[in-house]
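In what follows, a single structure is set out as structure tokens and then discussed.
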Amino acid sequence: MRSSQLFGKTLRQAPADAENVSHKLLTRAGFIQQIATGIFSLQPLGNRSITKIRNIIREEMDRAGGQEINMPVVQPRSLWEESGRADTFVPPLARFEDRREREMIIAPTHEETATAMARGSVTSYRDLPFTIYQIQTKFRDETRPRGGLLRVREFEMKDAYSFDADEEGMDRSFQAMVGAYKRIFKRCGLDVIMVDADSGGIGGKDSNEFVLLTESGEDTILMSTESDYAANVEKAEFIKKASPIGDLGEVEEFATPGIKTIDELAKAEGVSKSKTAKAVFYSVDGEVVVVTIRGDYDVNETKLRNLLGGSEPRLATPEEVKAAGLVAGSASAVGLKGMRSVVDDSITMGSNYLAGANKEGFHLRNVNFERDFKADILGDIAEAKKGYLSPDGKGKLIAKRGIEVGHVFKLGNVYSSKMGAEFTTEDGDQNEILMGCYGIGVGRLLAAAVESNHDDFGMVLPRAIAPYDVYLAGLNLNDADIAGKAEQLYESLLDAGYDVLFDDRDIAPGVKFKDADLLGVPARVVISSRSLDNGGIEVKARSSKDSQIVAEADMIDAVQKLFDESTE
RNA sequence: CGGGGCGUGGCGCAGUCCGGUAGCGCACUGCACUGGGGGUGCAGAGGUCACAGGUUCAAAUCCUGUCGCCCCGACCA
């Protein structure tokens with residue numbers, strides 16, 4: 001491609017809207033253009049990078065035994081009523097009516113469609129297993145898109161679905177996808193780690209995220225200092241510190257005027273926060289639930305949601321708290337009736353707690369679980385934080401930020417049971433198909449790559465996903481001799497199989513260098529009167545400050561050597 | 001959905017408080033020069049000042065409403 005003919009222009013300044021690095025650079029370099037909040041067009045350069053990513057994903061999916069399919073973006077809402085997600089999916093489904101007034105939706109993901117596809121074709125165990133995938137547009141009307149391509153509303157996702165007859169098979173299919181994911185991210189030049197994750201609105205029990213650790217990420221990851229334990233904060237566990245359990249004392253009420261928080265209470269009594277029982281009130285499906293956790297820990301709402309069976313808990317409003325007859329600042333589960341009680345297991349690791357007296361200005365001493373209050377649900381709902389002990393007993397947890405670029409789920413029978421996707425076993429029984437699903441955000445992957453591969457001058461892309469392999473800059477092109485040689489270089493680079501962007505524009509050299517840096521093309525080749533005076537052609541890696549001059553005949557070898565030396 | 005901010009040529013901004021000829025830098029067009037890190041000069045073109053209504057002799061500027069965009073929070077396969 002010749003720069004003089006390339007559609008799209010580089011910008012000296014990024015639009016004021018762009019906040020993070022990838023958004024700024026992708027916009028400045030002419031890769032993307034925003035159309036509306038969270039909705040982008042790809043210009044030729046951006047489209048080339050995306051195409052390369054897509055092809056890497058395809059190759060690895062196929063290599064892992066996946067079969068490419070294509071499912072519709074527009075679907076009847078009734079399909080989603082089968083799975084029960086029509087009204088519960090977050091964010092709410094984008095919907096419209098077709099001309100026959102039939103309710104249609106724009107798909108935010110394709111579990112239902114994939115399940116329907118399998119249901120329509122699978123009848124016997126002999127038809128299993130298989131894995132299908134597509135690279136397809138989704139739409140999620142996110143409440144708050146942000147960060148350019150990092151979190152958008154319309155986006156392209158590679159989504160794969162595995163179908164197996166039994167658990168072992170599902171595990172095998174899952175592992176095959178995990179292997180493919182590792183290869184994909186590595187080939188894209190991304191140092192991605194796999195962490196334990198919550199399966200959220202997709203469902204199923206086990207799920208793992210693939211995360212690129214970077215400060216600009218919006219996920220918090222906790223990892224052990226001494227083992228390979230790593231998990232999203234939503235899922236992360238830890239070993240709770242036990243407090244000594246002594247003889248249970250008598251419950252005793254005492255005045256605590258003006259004390260409203262655990263911090264104040266612990267301070268006033270001169271004890272550690274682990275000697276207090278904190279009560280937090282949540283509204284779940286219109287009902288107020290009392291949650292009790294040891295004062296030194298905070299509630300992880302994702303864990304709470306899972307214990308409550310999937311309904312989204314929200315902190316109760318002051319009005320709801322009041323209406324339930326509770327005294328904010330002096331509340332506890334002691335003596336509360338007609339209200340569901342959830343208790344974190346940290347409470348069982350101590351005794352004689354300080355807790356609210358449910359009376360303005362009073363608290364209780366020597367409150368004990370089971371004797372003074374009970375749990376309808378007892379479990380782990382504590383949020384892991386840095387410094388806590390790793391759940392495997394090895395090392396402490398540290399916290400990092402990361403971008404989720406992929407997510408894999410063992411769905412089991414979540415969809416097949418609801419949608420009736422069954423098969424006949426060898427024994428003639430009817431069983432539900434066990435599924436897995438596996439997603440990669442294609443555009444987010446590009447944004448993540450830029451977030452982790454850039455410098456002050458622009459992107460520094462690995463060859464695998466750069467729009468071009470080589471940026472050929474011809475200077476002094478009004479010299480017919482140099483222009484002719486530049487054309488020859490262009491031809492020979494193309495003949496050697498490289499993707500080449502030939503900057504043949506009649507502009508100042510500085511502009512060409514700036515553009516070459518901004519676009520992140522991994523290799524730069526310069527021909528000019530100066531380079532010729534110095535003995536030939538200049539070859540330079542984007543990632544390096546140093547360039548070298550090589551004879552014209554050696555140019556291809558020098559370029560190839562740059563690629564061979566890089567890790568990708 | 002709550003809080004904050006911003007809408008003025010393609011991009012970045014000033015002008016708005018205090019109403020009176022729409023301005024600057026970059027980019028763009030032509031010519032000349034220059035020719036290794038966004039170069040120089042001369043001459044140009046391009047704007048319903050987000051939209052609608054109101055106040056006024058007069059509105060980018062004041063008032064009301066609407067829309068759009070960004071950030072923080074809530075939320076988030």
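Below, chain A is the first sequence line, B the second, and so on; all start at residue 1.
If you measure from atom NZ of K235(A) to atom C1' of C76(B), you get 17 Å, rounded to the nearest angstrom. Counting to the nearest Å, the P atom of C26(B) and the NZ atom of K9(A) are 15 Å from each other. For E301(A) and G73(B), the CD to P distance is 15 Å, given to the nearest whole Å. One atom, CZ of R314(A), and another, C1' of G73(B), lie 13 Å apart when rounded to the nearest Å. Remark: C1' of C26(B) and CG of D515(A) are 14 Å apart, rounded to the nearest angstrom. Here the P atom of nucleotide C72(B) and the CG atom of D17(A) are 13 Å apart, to the nearest Å. L150(A) places its CG atom 15 Å from the C1' atom of C71(B), with the value rounded to the nearest Å. Nucleotide A74(B) holds its P atom 12 Å from the CD atom of E218(A), rounded to whole Å.
Among the atoms of the strands shown, none is found under 4.0 Å from any heavy atom of F457(A). Base contact: N478(A) has a heavy atom under 4.0 Å from a base atom. Residue contacts for D479(A): at a heavy-atom cut-off of 4.0 Å it reaches no nucleic acid atom on any strand shown. Looking at heavy-atom distances under 4.0 Å, E209(A) makes no contact with the nucleic acid at all. Nucleic acid contact for T10(A): base, since at least one base atom lies under 4.0 Å from a heavy atom of the residue. G147(A) comes within 4.0 angstrom of sugar-phosphate atoms only, judged by non-hydrogen atoms across all strands, and of no base. R524(A) comes within 4.0 angstrom of a nucleotide base, judged by non-hydrogen atoms across all strands. Here Y438(A) lies out of heavy-atom contact (under 4.0 Å) with every strand.
Using P as the reference atom, G3(B) and G12(B) are 27 Å apart when rounded to the nearest Å. When the P atom is compared between C42(B) and A27(B), the two are found 15 Å apart, to the nearest whole Å. When the C1' atom is used for both C11(B) and G47(B), the distance is 14 Å, rounded to whole Å. Comparing U8(B) with G46(B), their C1' atoms are spaced 14 Å from each other, to the whole Å. Going from the P atom of C57(B) to that of U66(B) covers 28 Å, rounded to whole Å. For the C1' atoms, the distance from A60(B) to A52(B) is 16 Å, rounded to whole Å. For the C1' atoms, the distance linking G41(B) with C18(B) amounts to 40 Å, nearest Å. A59(B) sits 11 Å from A22(B) when the P atoms are compared, rounded to a whole Å.
Pair check for C24(B) finds G12(B); Watson-Crick or G-U wobble, both atom distances under 3.5 Å. If you check G36(B) for Watson-Crick or wobble pairing at under 3.5 angstrom, you find it has no partner at all. Pair check for C17(B) finds none; no Watson-Crick or G-U wobble contact set falls under 3.5 Å. For A43(B), the paired base is U29(B) (Watson-Crick or G-U wobble, both distances below 3.5 Å). Remark: U55(B) base-pairs with no nucleotide in the shown strands. Criterion, Watson-Crick or G-U wobble with two distances under 3.5 Å. Judged by Watson-Crick or G-U wobble contacts below 3.5 Å, the nucleotide U61(B) has no partner. Pair assignment for C6(B) gives G68(B), based on Watson-Crick or G-U wobble hydrogen-bonding distances that are each under 3.5 Å. With a 3.5 Å ceiling on both atom-pair distances, the Watson-Crick or G-U wobble partner of C1(B) is G73(B).
With a 6.0 Å cutoff to the six-membered ring centre and a 45° limit on the axis angle, R48(A) counts as a cation-pi contact of Y468(A). Judged by a 6.0 Å distance limit and a 45° cone about the ring axis, K410(A) is positioned over the six-membered ring of F174(A).
Within 6.0 Å of atom CG in D191(A), 12 or fewer heavy atoms from other residues, nucleotides or ligands are found, so the atom counts as exposed in its surroundings.
Remark: R144(A) is in phosphate contact with C72(B), judged by side-chain N or O atoms under 4.0 Å from OP1 or OP2. Within the structure, every side-chain polar atom (N or O) of R12(A) is placed at least 4.0 Å from both OP1 and OP2 of G12(B). Applying the 4.0 Å criterion to OP1 and OP2 of C69(B), one finds that T37(A) has a side-chain N or O inside that range. Contact between the side-chain N/O atoms of T143(A) and the OP1/OP2 oxygens of A74(B) is not found at any separation under 4.0 Å.
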Output a table of nitrogen or oxygen pairs between the protein and nucleotides 3-11 of chain B separated by less than 3.5 Å.
unit_1 : atom_1 : unit_2 : atom_2 : d
C11(B) : O2'    : Q13(A) : O      : 3.0

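Aromatic ring orientation, Y490(A) versus F502(A): tilted (interplanar angle from 30° to 60°).
Ranking C76(B), C69(B), G37(B) by closeness to the R151(A) side chain, first place goes to C76(B). Among C69(B), G36(B), G35(B), the nucleotide with an atom closest to any side-chain atom of A36(A) is C69(B). Nearest nucleotide to the side chain of Q34(A), out of C75(B), G36(B), C69(B): C69(B). For L475(A), the listed nucleotide lying nearest its side chain is G36(B); candidates were G39(B), G73(B), G36(B). The side chain of P509(A) has G35(B) as its nearest neighbour among A74(B), G35(B), G39(B). Closest to the side chain of K514(A), out of G38(B), C75(B), G36(B), is G38(B).
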For E215(A) and R401(A), what are the C-alpha separation, side-chain angles and deciding distance, and is it a salt bridge (charged side-chain N to carboxylate O under 4.0 Å, His left out)?
-> CA-CA 5 Å; E215(A) 272 311 302; R401(A) 306 284 291 173; 5.4 Å; no
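Looking at which nucleotide of RNA chain B each of D517(A) and G439(A) is closest to, the 5′-most match is held by D517(A). In terms of position along RNA chain B, the nucleotide closest to I507(A) lies nearer the 5' end than the nucleotide closest to the other residue of the pair I507(A) and E19(A).
Side-chain to base pairing of N476(A) with G36(B): no donor and acceptor N or O lie closer than 3.5 Å to each other. Side-chain atoms of R530(A) and base atoms of G37(B) include no donor and acceptor less than 3.5 Å apart.
Scanning all heavy atoms of the two residues, the minimum distance from A328(A) to K260(A) falls at O-NZ, 3.8 Å. Across L11(A) and L518(A), no two heavy atoms sit closer than the pair O-CD2, 4.4 Å.
Between the side chains of T137(A) and E156(A), no donor N or O sits under 3.5 Å from an acceptor N or O. Side chain to side chain, Y282(A) and R305(A) fail the donor-acceptor criterion of an N or O pair below 3.5 Å.
Just one of K158(A), R54(A), R58(A) meets the salt bridge (Lys or Arg N to Asp or Glu O under 4.0 Å) condition when paired with E68(A); it is R58(A).
Aromatic rings of Y133(A) and H110(A) (six-membered ring for Trp) have centroids beyond the 6.0 Å cut-off, not under it. For an aromatic pair to be called close, the ring centres must be under 6.0 Å apart, and F210(A) with F185(A) satisfies this.
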